[in-house]
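Everything quoted here is computed from the prediction, not taken from an experiment. All heavy atoms count here, side chains included; hydrogens, waters and symmetry mates do not.
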Amino acid sequence: MSIVPENPVVPRPEYPRPQFVRAAWQCLNGTWQFERDPGDSGLERGLLDRDLTGEIIVPFCPEAPLSGVGDPDFHPAVWYRRTVEVPEEWAGQRVLLHFQAVDHDATVWVDGVEAGRHRGGFTPFTCDLTAAADPAHTYTVVVRARDPRSGPQARGKQATTYEGRGARYGRTTGIWQTVWCEPVPGPHLGRPRITPNVAASAFRVTVPVSANRAGHEVRVTVSDQAGELVQARARADLDLSAEVWLPLPDDRVRLWRPEDPHLYDLRIDLLDGDGAVADTAASYAGLRSVAIDGHAVLLNGEACFQRLVLDQGYYPDGLMTAPTDEALRRDIELAVAAGFNGARLHQKVFEERYLYHADRAGFLVWGEFGDWGANTGGPAGDNQQPTATFVTQWLEAVERDYSHPSIVGWCPLNETWQRLHDRITVLDDVTLGMYLATKAADPTRPVLDASGYAHRVPGADVYDSHCYEQDPEVFGKLMAGLAEGEPYVNADRDGTAWSVPYRGQPYFCSEFGGIWWNPDVRPGESSWGYGERPTSEEELQRRFAGLVGVLLDDPRMFGYCYTQLTDVFQEQNGVYRFDRTSKLDVSRIRAAQHRPAAIERARPGAQAPTSTTSPTT
């Protein structure tokens with residue numbers, strides 16, 4: 001059996017890392033050999049050394065119909081195999097093999113020799129194939145992915161029962177994002193960290209390099225549509241990472257904001273001792289700031305009410321993998337058409353291409369980790385058992401996405417409900433660890449220690465709650481305590497606290513609504529949402545407007561997040577159907593949100609929402 005793929009149409013062929021682009025690269029998506037390993041005994045049975053019995057379309061997981069496998073059962077271990085031919089023009093360079101995401105524990109072999117391991121289903125990792133990168137050599141890549149059914153693991157919304165139920169859905173095992181490779185010279189650039197400084201109208205670009213060679217420099221050039229603005233250099237032979245400061249000319253300063261998501265182009269060069277370009281990459285950046293003043297979260301110094309929608313990033317045919325790049329962009333367009341200016345990317349680290357489209361659209365994003373899976377069902381007060389790898393995986397996500405201007409906040413945990421008592425628990429340790437790690441990795445954005453509950457970091461940057469009360473009048477009474485510094489706080493049914501007390505920081509209701517609406521539901525179909533299903537679309541529209549109005553009119557509320565953008569399998573409370581078609585009058589959803597919020601009206605210079613052309617739905 002040949003393991004050289006013969007697939008003329010490569011799925012998801014677009015460049016997977018759009019903020020650090022090299023010209024030479026090879027997409028390895030397409031047909032791979034594939035085999036299930038239900039007993040996780042494949043290594044002992046020789047799967048590393050022989051052809052596999054089936055095929056799969058990468059980057060789609062075996063549970064997804066688009067993979068060509070479409071098996072929704074549990075897969076404790078799966079194996080992949082294919083050959084890769086290094087292009088002749090890459091001769092003399094190192095070759096890096098990149099996996100954008102493999103769920104959950106991956107081991108990679110090249111020509112039978114282990115090349116790398118990685119734990120975590122949401123973040124990328126790289127193997128150095130230098131030893132095998134002979135341009136006359138076709139080498140074999142084998143991947144084993146392990147995905148245990150039990151035990152604490154960052155699964156996000158993946159179900160641990162055969163069928164999804166409630167707010168948990170089908171599983172994703174193995175490769176589910178793009179696999180690709182690229183050549184790099186011996187000393188080469190690492191991924192830059194681009195930090196905007198609006199106060200100084202400048203960018204700080206920190207560039208790691210693989211080796212600090214004498215005489216080497218890093219050069220960064222910033223351009224806009226009119227041409228080059230500024231260029232600066234820094235020595236790359238003294239510090240592990242070179243740092244370049246790039247002040248922009250006063251007449252070329254243009255802030256990134258939802259109404260005008262302006263992006264600057266960056267070119268990053270590594271120069272050798274003779275001044276020749278040894279390595280080069282393209283990037284981009286947005287000049288914008290995030291700050292806190294009292295109860296307001298400011299964007300570029302102005303109150304910008306965050307009209308967010310919960311986006312879970314699932315697709316009927318690809319599960320966690322978007323079927324096309326256009327589908328990622330389309331989800332943002334659908335959110336904007338409904339009047340939202342941003343999203344909570346819920347219980348999943350989204351594909352980086354999504355953030356690329358958000359950057360270009362001026363769409364505000366809260367980055368979140370898929371932490372569900374830590375609740376092991378132990379005794380009350382000790383049921384959450386997140387492990388050290390939660391911190392590790394989350395830091396990988398923050399590092400990957402640090403430079404995207406669309407991200408305006410971080411949320412490492414979500415609904416980690418556990419009773420608060422007088423002992424320090426694993427949940428306390430890991431929550432504080434993830435919060436402090438995020439603040440250390442990125443001091444430029446606010447951090448929410450845990451969305452909804454359990455808040456375990458006193459004085460965290462922001463505080464929030466989840467409230468699915470469906471009656472706008474009752475919902476308003478629950479939210480009214482914020483005016484007295486006593487906002488709605490999630491607690492156990494008997495009133496036992498899950499969270500440390502509110503300390504006056506900015507507050508928002510980060511999950512509400514979830515109105516159950518499926519006008520096409522069939523008898524016997526699994527369907528649910530929050531509260532009683534409206535009897536008509538008119539009732540739904542009035543309920544939505546009433547709930548949204550409560551939050552828009554609260555002068556201490558800096559934003560909200562409505563549940564949710566689309567239906568997801570049995571959870572049918574989206575603004576759109578699961579297939580992204582319309583099921584209600586989206587223009588009315590938009591109109592209910594499209595007025596200045598109280599916190600915007602109270603601050604001079606605040607921008608009310610602007611009207612944009614809605615895409616066809």
Side-chain angles (χ1 to χ4, degrees), residues 11-12 14 16 29-32 34 36 54-78 80 99-106 120-124 143 145-149 153-179 310-331 334 343 345-354 368-373 526 564-574 576-581:
R12 297 301 307 273
E14 59 281 348
N29 292 344
T31 303
W32 290 53
F34 177 78
R36 303 167 182 84
E55 290 185 341
I56 191 169
I57 303 299
V58 168
F60 303 107
C61 69
E63 294 90 344
L66 286 175
S67 71
V69 178
D71 181 359
D73 208 346
F74 294 95
H75 301 290
V78 293
Y80 299 78
F99 295 85
Q100 291 301 110
V102 181
D103 195 338
H104 183 265
D105 290 355
F122 298 108
T123 48
V143 180
R146 287 168 160 156
D147 194 14
R149 179 177 180 176
Q153 177 182 307
R155 294 184 174 87
K157 288 300 191 78
Q158 300 179 64
T160 54
T161 55
Y162 175 71
E163 292 185 343
R165 61 183 63 173
R168 289 174 172 81
Y169 322 117
R171 287 161 297 284
T172 291
T173 298
I175 299 170
W176 68 278
Q177 290 187 33
T178 292
V179 184
L310 198 76
D311 188 347
Q312 305 203 66
Y314 272 79
Y315 300 86
D317 49 2
L319 302 185
M320 288 204 300
T321 311
T324 63
D325 187 59
E326 170 62 21
L328 293 171
R329 185 179 65 84
R330 182 65 171 157
D331 281 357
L334 291 173
L345 306 185
H346 188 47
Q347 280 301 292
K348 173 185 167 186
V349 179
F350 276 44
E351 299 176 57
E352 193 176 351
R353 293 286 304 185
Y354 179 98
E368 184 176 311
F369 186 52
D371 68 288
W372 275 17
S526 178
Q564 61 180 323
L565 180 63
T566 73
D567 296 343
V568 185
F569 295 105
Q570 68 276 357
E571 187 175 354
Q572 297 176 348
N573 51 16
Y576 300 94
R577 294 184 179 92
F578 197 15
D579 65 4
R580 274 60 175 174
T581 57

Can you give me the closest heavy-atom contact between [X] and [Y], atom names plus distance?
{"X": "H75", "Y": "P62", "result": "CD2-CG, 4.3 Å"}
{"X": "L565", "Y": "D311", "result": "CD2-OD2, 3.7 Å"}
{"X": "F369", "Y": "A154", "result": "CZ-CB, 3.5 Å"}
{"X": "Y354", "Y": "L328", "result": "N-CD1, 3.9 Å"}

Q. Do P148 and P76 have side-chain heavy atoms sitting under 4.5 Å apart?
A. no

Q. Under 4.5 Å between any side-chain heavy atoms of E571 and Q564, yes or no?
A. yes

Using a distance-only test with no angle check, is there a side-chain donor-acceptor pair under 3.5 angstrom linking [X] and [Y]?
{"X": "T172", "Y": "D103", "value": "no"}
{"X": "D371", "Y": "Q347", "value": "yes"}
{"X": "Q312", "Y": "K157", "value": "yes"}

So how far is it from [X] [atom1] to [Y] [atom2], rounded to the nearest 0.5 Å?
{"X": "Y169", "Y": "R165", "atom1": "OH", "atom2": "CZ", "value": "14.0 Å"}
{"X": "F350", "Y": "L345", "atom1": "CZ", "atom2": "CG", "value": "4.5 Å"}
{"X": "N29", "Y": "Q100", "atom1": "CG", "atom2": "CD", "value": "9.5 Å"}
{"X": "T161", "Y": "R168", "atom1": "OG1", "atom2": "CZ", "value": "9.0 Å"}

Residues 313-323 side chain polar contacts: donor-acceptor under 3.5 Å, at least two apart:
from	atom 1	to	atom 2	distance (Å)
Y315	OH	D331	OD2	2.8
T321	OG1	W176	O	2.7

Q. Should the pair D71-R36 be classified as a salt bridge under the 4.0 Å nitrogen-to-oxygen rule?
A. yes

Q: Could you please spell out the steps behind the side-chain contact (heavy atoms from CB on, under 4.5 Å) verdict for Q153 and H104?
A: CA-CA 9 Å; Q153 177 182 307; H104 183 265; 3.4 Å; yes

Report the residues that fulfil salt bridge (charged side-chain N to carboxylate O under 4.0 Å, His left out) with [X], sequence neighbours left out, ordered by chain and then residue number.
{"X": "D579", "result": "none"}
{"X": "E368", "result": "R344"}
{"X": "D147", "result": "none"}
{"X": "R12", "result": "E14, E351"}

Q. Can you list every salt bridge (charged side-chain N to carboxylate O under 4.0 Å, His left out) pair that touches residues 318-327, not counting sequence neighbours?
A. D325-R353, E326-R329

Q. Going through the distances and angles, do I175 and Y80 end up as a side-chain contact (heavy atoms from CB on, under 4.5 Å)?
A. CA-CA 9 Å; I175 299 170; Y80 299 78; 3.8 Å; yes

Q: Using side-chain hydrogen bond (donor to acceptor under 3.5 Å, both in side chains) as the criterion, list what pairs up with D567, not counting sequence neighbours.
A: K583

Q | Residues that Q570 engages under side-chain hydrogen bond (donor to acceptor under 3.5 Å, both in side chains), provided they are two or more places apart | A | none

(Q) Please enumerate all residues that pass ring pair (Phe, Tyr, Trp, His ring centres under 6.0 Å) together with F578, with sequence neighbours excluded. (A) F569

Q. Distance-only, no hydrogens or angles: does the R155 side chain make a donor-acceptor pair with backbone N or O of R149 under 3.5 Å?
A. yes

Q: Please answer whether the main-chain N or O of I56 pairs with a side-chain N or O of S67 as donor and acceptor at a distance below 3.5 Å.
A: no

Q: Would you please name every residue forming a side-chain contact (heavy atoms from CB on, under 4.5 Å) with R171, sequence neighbours left out?
A: E63, F74, Q158, A159, Y162

Q | Residue pair F99, V143: steps toward the side-chain contact (heavy atoms from CB on, under 4.5 Å) verdict | A | CA-CA 10 Å; F99 295 85; V143 180; 3.7 Å; yes

Q.
Between V179 and W32, is the side-chain contact (heavy atoms from CB on, under 4.5 Å) condition met? List the steps.
A. CA-CA 11 Å; V179 184; W32 290 53; 4.0 Å; yes

